[in-house]
S.K.: 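My questions will all concern the structure given below.
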Amino acid sequence: MRSFLYFKVRLYEKLIVKKTSFQRKSKFRTNVISLSVCLCILTGMAVSGCTTRSEAEENAAFEAYTMEVFRIEAASNTVNLHYTLRDPQQYGIQEPPVSFGSFEANSEEVRAVTENMQNALLSFDYSSLDIQNKITYEVLNYYLRSVEKAADLILYDEPLGLVSGIQTQLPVILSEYPLYERGDVDTYLELMKTTGDYFDSLIGFERDKAEAGLFMADYALDAVLDQCRAFLNMGEENYLYSTFSERIGEVEGLTDNEKNDYIQKNAGIIEDYVLPAYEKLISALESMRGSGENEKGLIYLPEGREYYEMTVKQSTGSERSIGELEDLTRRQIVADLEAMEQVLGLTADEASEAAAVVMQNNPEQILGSLKEEIGNAFPAAPETDLQVKYVPEAMEEHLSPAFYMIPAIDNTEENVIYINEAHMGDTLTLFTTLAHEGYPGHLYQTVYYEGTDPDPVRNIFNFGGYVEGWATYAEMCSYYLTPLTTEQATLLQKNSSIILGLYALADMGIHYEGWSRMDTASFFSSYGITDSETVEQIYELIIGSPGNYLKYYVGYVEFLELKKEWIEERGDAFSQKEFHEAVLNVGPAPFEIVREYMWEV
């Protein structure tokens, strides 16, 4: 469901070729089974809807139902709870047992829970609900149907993905775990002690995958092990030490002696629990070496094509078939190429050099400038604080060029963006990256939507196509907010769009069409990208993260398609701000739901 990091795509090689870097995305495996704990309560609440009720009563009953779903899911593990809510008691949630959760592979139980929940949902009178509750109803129904379809393919999931791997993202989540008061500190330290249990569950899941012939290829295993060892090799420079000291220094009500005691306890727990858990994970994964039977795309696994279709639908939020997505991508690439051709006598290098000369390189100033400049085309968002942090040098190779930490829904005034300086090659890259992560990208969309006071249950879902598509759309818009001329901005923006489109086509080609490494190299070569090392990196990253690029690119293009429909409908009365306000007010959802309701909110 909810993911607490929005990461920046930047495996970036220009058509007029430049550099390569990697994107990372965190996704804690949420436990659908947790919903079964109070299934009888939820079903009972919904069944009471069989009696005749007024519209006001039906809406109130539905909101009571969704609030209970929210409470159960938010409290399913400690990370979910403390990243979702600063003050759980205000939502009627008591502290659950301290745990990261676990990895489940019980298909029958997942199907039973989702089927019963869907029956409970369907007992409400949809026609009596107001617009926002109708959207919530459709989103929840969509999610439950998706989970039910995925139940038989759980072992195809890969929690140790090269892009979304727990091995790189768990330390980041821990390093930003909010410490508001003494109780949070105690909970955090207890949570750290459960790292071994969490990893044991993860190891068990990977062994189940290995027994089913679904374990990762050896080259992917090598990359995962390198990431684990990089974390271990940080030694005393490990950021779990330094970030804890910084956070506890801000906790009120603690004496200096108490803070020092906590710092010592944290260090001891890292050494006694966290590091050994990584060492055990490395050993266990190494023992599974060679059990991965497939080194190519998902299509070569027994139900791989079915799993890929499902993954793409879930990650993009698009109802288009793979063939339709391929056609959509090719059409957009052609349109971008035609736009580039209209910019005569200019090269991408010249445009980049022009931007480097005139653009500032201070992140805070850039974000401030972006926030001010988007006012004409985007609706105003609530005021909020923002802190810019930097990825530790020792982890620069293994983490994203940038990422935004999603704040608790009752604490959206505190926001953090991380920048990986190793991947900020020029000021234009920094500018567009901050637009993606900040304004008008992730931070802006998140804070704006929370400002509409949505049903809390809407915050437990992760619709990557909408959120990453919006941020990519925002990034593309930002080129025209730079000091570049319109021609220079057009060339660079279209070039960036094309590159991302090529990655999307390669993703579908590898996993759905069965492209080999040679096929992939030939495809990129036809677009002038011939560096073999770069293509090899692209191929292996796509193998390790099926559908990852599609949520960025397809999400972005789906927003462009929505915009075309809005322009066609509004004609001369078209307003960018009005369009942006409409899709933002619907909030994260599958695109068919956005398309249906953007005219009504």
Side-chain angles (χ1 to χ4, degrees), residues 8-23 162-163 217 219-220 222-223 295-297 299-300 325-327 329-353 355-356 397 400-401 422-426 428-429 432-433 472 475-476 479 488 490-550 552-553 556-557:
K8 178 78 172 68
V9 157
R10 187 63 73 176
L11 178 55
Y12 187 80
E13 184 191 9
K14 290 184 178 295
L15 286 173
I16 310 163
V17 185
K18 284 268 184 172
K19 60 187 174 64
T20 303
S21 55
F22 295 90
Q23 178 266 358
L162 302 186
V163 167
Y219 64 80
D222 288 335
E295 295 192 351
K296 296 190 288 185
I299 189 175
Y300 295 99
L325 290 177
E326 289 173 328
D327 289 342
T329 301
R330 291 191 181 97
R331 289 199 301 272
Q332 186 61 45
I333 288 174
V334 168
D336 289 338
L337 285 169
E338 290 175 347
M340 290 179 73
E341 289 174 357
Q342 293 176 10
V343 183
L344 302 176
L346 186 67
T347 70
D349 285 339
E350 289 172 343
S352 295
E353 289 169 7
E397 180 183 351
S400 167
H423 296 293
M424 296 296 107
D426 53 49
L428 179 60
T429 298
T432 56
T433 296
T472 304
E475 176 184 346
M476 298 302 172
Y479 282 88
Q488 291 169 332
T490 298
L491 181 68
L492 293 172
Q493 183 265 306
K494 301 304 180 186
N495 183 75
S496 183
S497 175
I498 291 168
I499 291 296
L500 194 53
L502 296 181
Y503 296 155
L505 283 177
D507 196 306
M508 292 182 279
I510 291 167
H511 289 295
Y512 194 77
E513 308 293 349
W515 290 2
S516 64
R517 292 174 188 263
M518 187 173 295
D519 294 330
T520 306
S522 176
F523 167 75
F524 280 105
S525 178
S526 68
Y527 286 90
I529 300 174
T530 58
D531 181 80
S532 59
E533 183 178 350
T534 295
V535 175
E536 189 80 1
Q537 288 177 324
I538 295 170
Y539 182 86
E540 293 188 0
L541 188 61
I542 288 173
I543 288 290
S545 303
N548 179 63
Y549 285 115
L550 298 187
Y552 293 86
Y553 186 77
Y556 158 59
V557 176

S.K.: Out of curiosity, Leu428 CG to Gln488 CD, how far, rounded to the nearest 0.5 Å?
M.R.: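 Atom-to-atom, Leu428:CG and Gln488:CD are 10.5 Å apart.
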S.K.: For Ser522 and Asp519, which I'm curious about, is there any donor-acceptor pair between the side chains at under 3.5 Å?
M.R.: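 No, no side-chain donor-acceptor contact under 3.5 Å.
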S.K.: Between the main-chain N or O of Ala521 and the side-chain N or O of Ser525, is there a donor-acceptor pair closer than 3.5 Å?
M.R.: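 No, Ser525 side chain to Ala521 backbone: no donor-acceptor pair under 3.5 Å.
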S.K.: Are Met424 and Thr433 close enough, and set up right, to give a side chain to side chain contact (heavy atoms under 4.5 Å, CB included), and what steps lead you there?
M.R.: CA-CA 9 Å; Met424 296 296 107; Thr433 296; 3.9 Å; yes
S.K.: Do Leu550 and Met508 come within less than 4.5 Å of each other through their side chains, counting heavy atoms only?
M.R.: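 In short, these two side chains touch, coming nearer than 4.5 Å.
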S.K.: Treating Tyr219 as the side-chain partner and Glu295 as the backbone partner, does any N or O pair qualify as donor plus acceptor under 3.5 Å?
M.R.: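 It does hold such a pair.
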S.K.: With a 4.5 Å limit on heavy-atom distance, are the side chains of Phe524 and Tyr503 in contact?
M.R.: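 They are in side-chain contact.
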S.K.: How long is the span from the CD atom in Gln537 to the CG atom in Leu162, to the nearest 0.5 Å?
M.R.: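 Answer for the CD-CG pair, Gln537 versus Leu162, is 11.5 Å.
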S.K.: Answer whether the closest heavy-atom distance between the side chains of Val334 and Glu338 falls below 4.5 Å.
M.R.: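 Answer yes - side chains close enough.
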S.K.: Side chains of Leu502 and Phe523: does their closest heavy-atom pair fall under 4.5 Å?
M.R.: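 Contact flag for Leu502/Phe523 side chains = yes.
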S.K.: Could you check whether any side-chain N or O of Ser545 sits under 3.5 Å from a backbone N or O of Ile542, counting only pairs where one atom can act as donor and the other as acceptor?
M.R.: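 Absent.
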S.K.: Do Arg330 and Leu505 make a side-chain contact, defined as non-hydrogen atoms from C-beta onward lying under 4.5 Å apart?
M.R.: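 The answer is yes; the side chains approach within 4.5 Å.
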S.K.: If you apply the rule salt bridge (charged side-chain N to carboxylate O under 4.0 Å, His left out), what do you find for Glu540 with Arg517, and how did you get there?
M.R.: CA-CA 9 Å; Glu540 293 188 0; Arg517 292 174 188 263; 3.2 Å; yes
S.K.: For the atom pair CG (Leu500) and CD (Glu475), what is the distance rounded to the nearest 0.5 Å?
M.R.: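 Answer for the CG-CD pair, Leu500 versus Glu475, is 8.0 Å.
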S.K.: Working to the nearest 0.5 angstrom, can you tell me the gap between Asp507 CG and Tyr549 OH?
M.R.: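 Answer for the CG-OH pair, Asp507 versus Tyr549, is 9.0 Å.
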S.K.: In the structure I gave you, are the side-chain heavy atoms of His511 and Ile299 within less than 4.5 Å of one another anywhere?
M.R.: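 His511 does not reach Ile299 side chain to side chain.
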S.K.: With heavy-atom distances below 4.5 Å as the criterion, would you say the side chains of Ile498 and Met340 are in contact?
M.R.: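 Ile498 reaches Met340 side chain to side chain.
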S.K.: Short question: side chain of Ser496, backbone of Leu492 - any donor-acceptor pair under 3.5 Å?
M.R.: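 Between the backbone of Leu492 and the side chain of Ser496 there is no qualifying donor-acceptor contact (under 3.5 Å).
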S.K.: Between atom NZ of Lys296 and atom OG1 of Thr520, what is the distance when rounded to the nearest 0.5 Å?
M.R.: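 Lys296 NZ to Thr520 OG1: 10.5 Å, rounded to 0.5 Å.
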S.K.: Does a side-chain heavy-atom distance below 4.5 Å link Ile499 with Ile529?
M.R.: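 Ile499 reaches Ile529 side chain to side chain.
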S.K.: Keeping Ser497 on the side-chain end and Gln493 on the backbone end, is there a donor-acceptor pair under 3.5 Å?
M.R.: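 No, because the side chain of Ser497 does not come within donor-acceptor range (under 3.5 Å) of the backbone of Gln493.
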S.K.: Quick check: does any side chain N or O of His423 sit under 3.5 Å from a backbone N or O of Thr429, one acting as donor and the other as acceptor?
M.R.: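 Looks like no, no N/O pair under 3.5 Å.
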S.K.: Under a 3.5 Å threshold, yes or no: a donor from one side chain and an acceptor from the other, between Asp531 and Thr534?
M.R.: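 Checked: Asp531/Thr534 side chains pair up, N/O donor to acceptor below 3.5 Å.
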S.K.: Angle between ring planes, Tyr556 versus Tyr553, binned at 30° and 60°: parallel, tilted or perpendicular?
M.R.: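 Perpendicular: the ring planes of Tyr556 and Tyr553 meet at over 60°.
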S.K.: Quick one: CE on Met518 to OH on Tyr539, what's the gap to the nearest 0.5 Å?
M.R.: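 Going from CE on Met518 over to OH on Tyr539, the span is 11.5 Å.
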S.K.: Between Tyr479 (side chain only) and Thr432 (backbone N and O only), is there a donor and an acceptor less than 3.5 Å apart?
M.R.: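 Here the side-chain-to-backbone pair does not exist.
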